Structure formats: C-alpha cells, structure tokens
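Source: prediction; values computed, not measured. Here is the naming used below: chain letters follow the sequence lines, and residue numbers restart at 1 for every chain.
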Protein chains: 2
Amino acid sequence: MPATIDPTAADGSDQASSTADRLLAGAADLFRRKGYAATTTRELSALLGIQNASLYYHMEKKEDLLYKLCVSTLDDVANELRACIAETSDPLEQLKLIMFRYTTVALRDRDRHATMLIEIRALSDERRNKIVELRDKNVAVVRRTIAAAQKAGQLRTDIKPKYLVLTMFNLLNWSIFWYRPDGELTPETIAGMMSSVFLDGAAAEAKSSGKKSIASKTVRP
Amino acid sequence: MPATIDPTAADGSDQASSTADRLLAGAADLFRRKGYAATTTRELSALLGIQNASLYYHMEKKEDLLYKLCVSTLDDVANELRACIAETSDPLEQLKLIMFRYTTVALRDRDRHATMLIEIRALSDERRNKIVELRDKNVAVVRRTIAAAQKAGQLRTDIKPKYLVLTMFNLLNWSIFWYRPDGELTPETIAGMMSSVFLDGAAAEAKSSGKKSIASKTVRP
DNA sequence: GTCTATATCGCGATAGAC
DNA sequence: GTCTATCGCGATATAGAC
C-alpha cells in the first residue's frame, strides 16, 4: 500500500488527477477501511501528502466529502441502470445485465460503494434524505424491471416485485463488504454466481427440469 | 423511543436487568444507529440515566463494550447452529433450519448483529483476530452442512461449498441493515423468502419442473 | 493552492468523595 | 455503585502569510 495516493490517473493515462479528485478517492479509501467517523482529516491530508489546513481549500467540511461520494456513486449506478435497460427490450435480459454490471462496477469501486451503503447515517438529516431519495429511485428502476419480467412470465410471481428487489440487492450488496481484489474470486465470477443463484437457486436440479437452461443462458453478457 | 433504557427485563418478567446488561443493550442500540466511533460515552450514560464516570465502574474502556457484544453475538450464533444440526440428520433440512433461525434471531436482535457485522474493524488487532476466528468457525459449520447436502444430491455442485456459503450469507446478512421492526415484513416472512429464493431461485418455473416442490417443502419449520 | 500556527471544542478516561 | 469535578488529548476548522 502506498503511503500517499498516486497522482497518476487510474485509466492508465499519464495525466495527473486533480487534488480534488485525489481527495475524494483518498476519502473513499479511508472511509471504507476505517469508517467515516473514525477517519481523521489529519490522516486524509497525510495520505494526500499535504497539510491538514490545505484540505479546506477544496472543501468546507469533512461531511462534504461523504456527501459528494454518495451522490456520485448513486449517479453512476443510475447511469449504469439506464444503459442496461436501453440495451435490450427483454425484461429478463435487462435484469441479468443489471445484476452483472451493478455487481462488477460496485466491486471494482468498492471504496465508494461500501461507504455509500453504510455511512449514510453520518450525513445531516437534509443530506441523508437526498441520498435516500436517489437510492430509492435506483431501486425503483430495478423493481419495475422485475415487475415487467414477472408479467412476461419470466420470474416467479409469488413474491412481490417490491420484495424480490430487496432479495436481489441482498445478494449483490453484501459481496461489497467481503470482496478482496487480491482474492481468488473476480468481480465477474461473483456477479455470475450471484445471478445464477438468484435466478435458479441452489437446490439440485429435478430430473426433468428445463429451468436452468432457460434462465441461466446469458448470466455473463 | 424512550430517553433511557427500560430497566425491566425483556422477557416480560418484572425482574430488573442489571446495569451491566442495560449497558450492553444500550451500547448495541447506539452502535447500530450511529456507529461505534460516532457514539460517545456521554450519550451512552445519558441513555442509561447515569453519569459518564459511572460507566467506568462496569468497563475499562469503550472498546470493551464492542468486544463483548461481538463475542456474545457470535456465541449465540454458534449455539443456534449446533441446535439446528442436532435436530435432524438430513443435511438439506439442517440447512433450512439454519437459514430460518439465523435470520429470525439476527433480525430480532439486529442491534447486536449489525454492530458485530460492520464494527469489527474498530477493534484492536488482537481482539479483531479473535472475533474473525469465531465468525469463521460459524461459517465453517454452515459450509460443512452445505458440502454434505451436495454429497447427498440435494444442492447443486457446480459451485463450491466455500462459495455457496458466501452466497447464502449474502442473502441473509444484508437484511439486517434494512429490516425495520415496525415495517410490514416480519423476521419469519423475510427468512422464508430468502430461504425460498436461495433454494429455488427467482426464475419462473419451467413447465415440467419438479424442483420447487422438492426443495421448498419445509422452508418454514 | 498550499503553508505555519492556532483557536476551540468535545472526547475518553481518571481522582476521589460518598 | 454512583456521584462531582476535571485532566489531557486529539479532533475539526480557521487566520493569515506566501
């Protein structure tokens, strides 16, 4: 682990990222590892290799960093969802895309996603409400896709979309907290596994069942 | 919400719980709602209706509370798992019991379980290692049950037990963070839903499949 | 845009009476 | 076992030079 955040852009280009960008990336890193409240602005400035006071040129207060991280993360998810739905008109295919891309994106960017998921409580009432609203909008998009897939006879209908969407996010979100980039599971493998279990379940195939071949064909787009 | 913790025992008896017990319950409550680092000992003493200094008769430091909470929670889980496995010799039935009881117990006691799950990082290295060890032991028990169910032809074998157990806990654990006791879903309903999706999946039944009737019979023991 | 220096506050924890 | 009183530190944030 480097003592300071590498100023080189993550996309491999040699263009150095701005201090503002490095600040957000460093904050996400520390907030995920130590938690928002336990992370000090001193640690953050040390990670960036600047003085503590210099942080306050880029922000008004520590909470601003958390808020910005949450907003940008949820915006990214919203865009990802839009792209998935635009890609095909088949609801089940949309849902498979959503599960795959949401998982891989969230695992690749786990600092921001993990922080957004559990540090919402640290925000002021007003800001927290805004974030919850953004999050709920994203969930609603997936819920509607699930409802459409039910109507098309592609998903079981004994569980309401409202609850099926919770089940799906259970499966995807907790991965963000145990995933390790240096572990043996890649984001793609995890995404495929969760999608497969969500659609087909973990029980052994009944002899004459054609279910698995129907549901699992394109879990990995 | 009461301003102070009710000194009456939770089991309905009129026996007042000890200050030590109320301290742990209050700590779990605040730690889940605000996070460990963001919870002050002053808030805690106010919740109990005693002076801040009085806390230190019952503990050496704040971290002791977190550690005790984690240990007791994981011990409870270990006992629950043992009971589930003792109840039947059929691996799939054991697994269904485990999913049902783990979920209902964790949701009923979400203060302690949620705290244990995400505040482990706040512990000292030594204590954190101990907690992780306890947690891993519990996971290993479930992993072995899953392996046995695979051997018995009851669970799909294309995913290793090591990973199937992660999938199962994904499904169960994230519920702890969105469950609300005053919501419309009961712990039992959530447990049943998660068990059903874990075993059978969310995809619509293929016409001739007998899978669901095999796997779902006793999801709610 | 970053620096040195510092204000101000609230935190965890302790001392010692009762 | 709980109290009053307080210590000492480290936290966020600010002032003003460069």
Side-chain angles (χ1 to χ4, degrees), chain A residues 3-9 15-31 33-69 115 119 121-125 127, chain B residues 3-9 15-31 33-69 115 119 121-128:
Chain A
T4 59
I5 291 274
D6 185 347
T8 306
Q15 189 199 341
S17 47
S18 69
T19 303
D21 290 344
R22 293 171 61 230
L23 178 53
L24 283 173
D29 177 28
L30 291 173
F31 292 171
R33 282 175 16 220
K34 315 197 46 171
Y36 170 76
T39 297
T40 69
T41 57
R42 284 163 162 85
E43 287 172 305
L44 194 46
S45 58
L47 186 66
L48 299 187
I50 60 177
Q51 290 301 310
N52 180 262
S54 307
L55 293 177
Y56 291 85
Y57 175 81
H58 301 281
M59 66 185 195
E60 279 198 347
K61 46 187 183 147
K62 181 181 156 189
E63 191 211 8
D64 297 350
L65 296 174
L66 179 58
Y67 182 64
K68 275 195 186 177
L69 285 175
T115 298
E119 299 290 2
R121 63 185 172 193
L123 292 168
S124 69
D125 284 359
R127 285 180 155 183
Chain B
T4 59
I5 291 274
D6 184 349
T8 307
Q15 189 200 338
S17 47
S18 70
T19 302
D21 290 344
R22 294 170 61 231
L23 178 55
L24 282 174
D29 177 28
L30 291 174
F31 292 172
R33 282 175 17 220
K34 316 197 45 173
Y36 170 76
T39 298
T40 68
T41 57
R42 283 163 164 87
E43 288 172 304
L44 194 47
S45 58
L47 186 67
L48 298 186
I50 60 175
Q51 290 302 310
N52 180 263
S54 306
L55 293 176
Y56 292 86
Y57 174 80
H58 301 281
M59 65 186 197
E60 280 198 346
K61 44 187 183 146
K62 182 181 154 190
E63 191 211 7
D64 297 351
L65 297 174
L66 179 58
Y67 182 65
K68 273 194 186 176
L69 285 175
T115 298
E119 299 290 0
R121 63 185 173 193
L123 292 168
S124 69
D125 284 359
E126 196 187 357
R127 283 180 157 185
R128 188 175 50 250

Could you list all N or O pairs between the protein and nucleotides 6-10 of chain D that sit under 3.5 Å apart?
none

d(CE, B:Met59; P, C:dA13) in whole Å: 6 Å
Distance, rounded to the nearest Å, where B:His58 contributes NE2 and D:dG1 contributes P: 7 Å
d(OH, A:Tyr57; P, D:dG16) in whole Å: 19 Å
Test salt bridge (charged side-chain N to carboxylate O under 4.0 Å, His left out) applied to B:Arg42 - qualifying residues, sequence neighbours left out: none
Side-chain (B:Lys62) to main-chain (B:Tyr36) donor-acceptor, under 3.5 angstrom: yes
Phosphate-side-chain proximity, A:Ser54 and C:dG1, N/O vs OP1/OP2 below 4.0 Å: no
Euclidean distance, atom CD of residue A:Glu63 to atom C1' of D:dA13 [Å, nearest integer]: 14 Å
Sidechain-backbone polar pair: A:Glu43 side chain, A:Leu30 backbone, donor-acceptor under 3.5 Å: no
Value in whole Å for how far the C1' atom of C:dA13 lies from CG of B:Leu65: 13 Å
Min side-chain heavy-atom separation B:Leu66-B:Lys61 under 4.5 Å: no
Rounded interatomic separation in angstrom, taking CD1 from A:Ile50 and C1' from C:dG1: 9 Å
Residues A:Arg127, A:Asp64; criterion salt bridge (charged side-chain N to carboxylate O under 4.0 Å, His left out); working and verdict: CA-CA 10 Å; A:Arg127 285 180 155 183; A:Asp64 297 350; 3.1 Å; yes
B:Gln51 CD - C:dA15 P separation (whole Å): 18 Å
Touch class at under 4.0 angstrom, heavy-atom based, for A:Thr39 against every strand present: sugar-phosphate
Residue pair A:Leu55, A:Leu48: steps toward the side-chain contact (heavy atoms from CB on, under 4.5 Å) verdict: CA-CA 9 Å; A:Leu55 293 177; A:Leu48 299 187; 4.2 Å; yes
A:Thr19 side chain near C:dT2 phosphate (N/O to OP1/OP2, under 4.0 Å): yes
Stepwise side-chain contact (heavy atoms from CB on, under 4.5 Å) check, A:Leu65 with A:Phe31: CA-CA 10 Å; A:Leu65 296 174; A:Phe31 292 171; 4.2 Å; yes
For atom NZ of A:Lys62 and atom P of D:dA11, their distance in whole Å: 9 Å
Under 4.0 angstrom between B:Tyr56 side-chain N/O and C:dT14 OP1 or OP2: no
